[in-house]
Amino acid sequence: GTKEALEFAALSVASGRVVDARAIEPFLLSPVPPGVPYAGRVWLFVDDGTTDTTLETALSTEVANAVNGYVDAQGNQIAGYKAAGIIVDILKSLPKTVCVRANVKIASGAQSRWTDIQAKLTATAVAYFDNLRIAESASYQNLVTMLTESDGDIREVKLVYWFASDSAPSYNASISAAPLSPY
């Protein structure tokens with residue numbers, strides 16, 4: 001009945017189409033979303049690896065069966081992973097596009113390699129964000145470290161990032177080391 005058990009249930013569905021799952025107790029969020037009861041409800045966000053806005057019905061049913069339990073074709077009761085009395089809302093995790101702007105210092109004489117360095121920086125940033133779990137905050141320090149280590153000719157990286165749904169910061173905005181949180 002733990003949040004981890006609910007995540008495990010979603011990740012272990014037989015079809016194998018769940019890429020990630022994250023259980024969140026909405027009454028613990030600050031501020032508490034309108035209409036959320038004090039306790040007894042869990043949001044289970046499921047990532048099926050698509051950009052669709054809803055989960056396919058068959059996949060949603062498969063996850064619900066793993067979470068809530070079900071009776072199989074032979075009449076056997078298969079236990080679920082949720083605690084009694086808890087309501088689990090199965091929701092589609094929607095991807096969020098992140099924009100990154102960086103000021104990169106490279107080694108003297110490495111200007112001729114800039115196209116290759118830029119490709120490595122881009123691939124590293126994409127991999128970093130793609131590997132974050134649902135609702136996991138992006139760490140400025142971790143991303144800067146990964147970008148700096150992506151090529152031996154990189155000496156320093158300063159960056160700013162933002163959700164594409166937000167306004168882009170001006171080019172003279174100060175570099176911020178704050179984590180980027182999907183909450």
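A quick note: this is a predicted structure, and the numbers were derived from the prediction, not measured.
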Distance check, rounded to the nearest 0.5 Å: [X] atom [atom1] versus [Y] atom [atom2]?
{"X": "Asp153", "Y": "Gln111", "atom1": "CG", "atom2": "CD", "value": "9.5 Å"}
{"X": "Ile154", "Y": "Thr148", "atom1": "CD1", "atom2": "OG1", "value": "6.5 Å"}
{"X": "Lys82", "Y": "Ile87", "atom1": "NZ", "atom2": "CD1", "value": "8.0 Å"}
{"X": "Asn142", "Y": "Ser137", "atom1": "CG", "atom2": "OG", "value": "11.5 Å"}

Answer yes or no: is there a side-chain heavy-atom contact under 4.5 Å between [X] and [Y]?
{"X": "Val42", "Y": "Asp89", "answer": "no"}
{"X": "Tyr81", "Y": "Asn68", "answer": "no"}
{"X": "Leu91", "Y": "Val46", "answer": "no"}
{"X": "Lys158", "Y": "Lys105", "answer": "no"}
{"X": "Lys120", "Y": "Arg113", "answer": "yes"}
{"X": "Pro26", "Y": "Val32", "answer": "no"}
{"X": "Leu121", "Y": "Asp151", "answer": "no"}
{"X": "Ile106", "Y": "Ile117", "answer": "yes"}

Between Tyr161 and Arg101, is there a cation-pi geometry (under 6.0 Å to ring centre, at most 45° from the normal)?
-> no
For [X] and [Y], work out which heavy atoms get closest and say how close.
{"X": "Ala135", "Y": "Arg22", "answer": "CB-CG, 4.5 Å"}
{"X": "Tyr128", "Y": "Ser139", "answer": "OH-N, 2.8 Å"}
{"X": "Ala125", "Y": "Leu143", "answer": "CA-CD1, 4.2 Å"}
{"X": "Phe45", "Y": "Ile134", "answer": "O-CD1, 3.6 Å"}
{"X": "Ser150", "Y": "Thr124", "answer": "CB-OG1, 3.2 Å"}
{"X": "Gly40", "Y": "Phe27", "answer": "N-CE2, 4.2 Å"}

With distance as the sole test, does [X] use its side chain to make a donor-acceptor pair with the main-chain N or O of [Y] at under 3.5 Å?
{"X": "Asp166", "Y": "Trp162", "answer": "no"}
{"X": "Arg155", "Y": "Gly152", "answer": "yes"}
{"X": "Ser60", "Y": "Thr57", "answer": "no"}
{"X": "Glu25", "Y": "Ala39", "answer": "no"}

Is the closest basic N to carboxylate O distance between Glu7 and Arg133 below 4.0 Å?
-> yes
Under 6.0 Å from the CD atom of Gln77, do we count more than 12 heavy atoms belonging to anything else shown?
-> no
Does OH belonging to Tyr70 count more than 12 external heavy atoms closer than 6.0 Å?
-> no
Quick check on the hydrophobic clustering: are [X] and [Y] connected, directly or via other members, by side-chain heavy-atom contacts under 4.5 Å?
{"X": "Leu11", "Y": "Leu55", "result": "yes"}
{"X": "Phe163", "Y": "Leu159", "result": "yes"}
{"X": "Val19", "Y": "Leu44", "result": "no"}
{"X": "Val98", "Y": "Tyr140", "result": "yes"}
{"X": "Leu6", "Y": "Leu59", "result": "yes"}

Single hit among Val88, Leu29, Ile90 for side chain to side chain contact (heavy atoms under 4.5 Å, CB included) with Trp43 = Leu29
Reference residue Lys92; test salt bridge (charged side-chain N to carboxylate O under 4.0 Å, His left out); the match among Asp48, Asp20, Asp52 = Asp48
